[in-house]
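Below is one structure, written out as structure tokens; the observations come after it.
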Amino acid sequence: MPRFLRSSAFWIPFCISLIVTGIFFLWEIGTFNQLLPSLPRPSANPFDVAFTGSLIILLSVNAGLAVWQSRFGHCPRGIKRASGIAGLLGAFTLICPVCILLPASLIGFGFLFTVLAPFLPLLRIISVILLVSALHMLWPRTK
């Protein structure tokens, strides 16, 4: 069993991140429609749910490992930034292009649809790749 699994330095940030990102991403895809108003977006398909679950787990594990590494090891440079960028990309790609009001109001809806819609699947892939890369760099090495 890896050493970090026995440490509260991993589990506390993991659980906090799991709860916060879980609530946020599940709200974002409309899981809590009956309780809270959510973003106007199409209903989530199984791919959206799987993508959301992978983002929640990867972000939580990375947060736990980053805290554990900063306390008991060394956190590689740029890991927190890469995880943050991946989380923002993931959140951005879960929102339908119709809901991105600020950029749409600045550059126009037609241009926004034309530019962003084809790239949303690519941005999802990039966010998962960033999170998996960060996880690989944060994973403790056995000696």
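We count residues from 1, following the sequence as given.
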Exercise: identify the closest heavy-atom pair between Pro13 and Gly64:
CB-CA, 4.1 Å

Between Ile23 and Phe32, the two heavy atoms sitting closest are O-CE1, 3.6 Å

Give the cluster check for Leu59 versus Val132: same hydrophobic cluster or not, with ILVMFWY residues linked at side-chain heavy-atom distances below 4.5 Å.
yes

Cluster overlap Leu35 with Phe25, hydrophobic side-chain contacts below 4.5 Å:
yes

Could you tell me the separation between the [atom1] atom of [X] and the [atom2] atom of [Y], rounded to the nearest 0.5 Å?
{"X": "Leu5", "Y": "Phe10", "atom1": "CG", "atom2": "CZ", "result": "6.0 Å"}
{"X": "Ser60", "Y": "Leu55", "atom1": "OG", "atom2": "CG", "result": "10.0 Å"}
{"X": "Phe24", "Y": "Ile56", "atom1": "CZ", "atom2": "CD1", "result": "10.5 Å"}
{"X": "Trp11", "Y": "Ile16", "atom1": "CH2", "atom2": "CD1", "result": "13.5 Å"}

Does [X] have any side-chain contact (heavy atoms from CB on, under 4.5 Å) partners at least two apart in sequence or in another chain, and if so, which?
{"X": "Ser54", "value": "Phe51, Val128"}
{"X": "Val49", "value": "Ile29, Ala44"}
{"X": "Ile57", "value": "Leu18, Val61"}

According to the interplanar angle, ranging from 0 to 90°, do the rings of Trp68 and Phe72 count as parallel (below 30°), tilted (30 to 60°) or perpendicular (above 60°)?
tilted

Any non-hydrogen side-chain atom of Leu135 less than 4.5 Å from a side-chain atom of Leu58?
yes

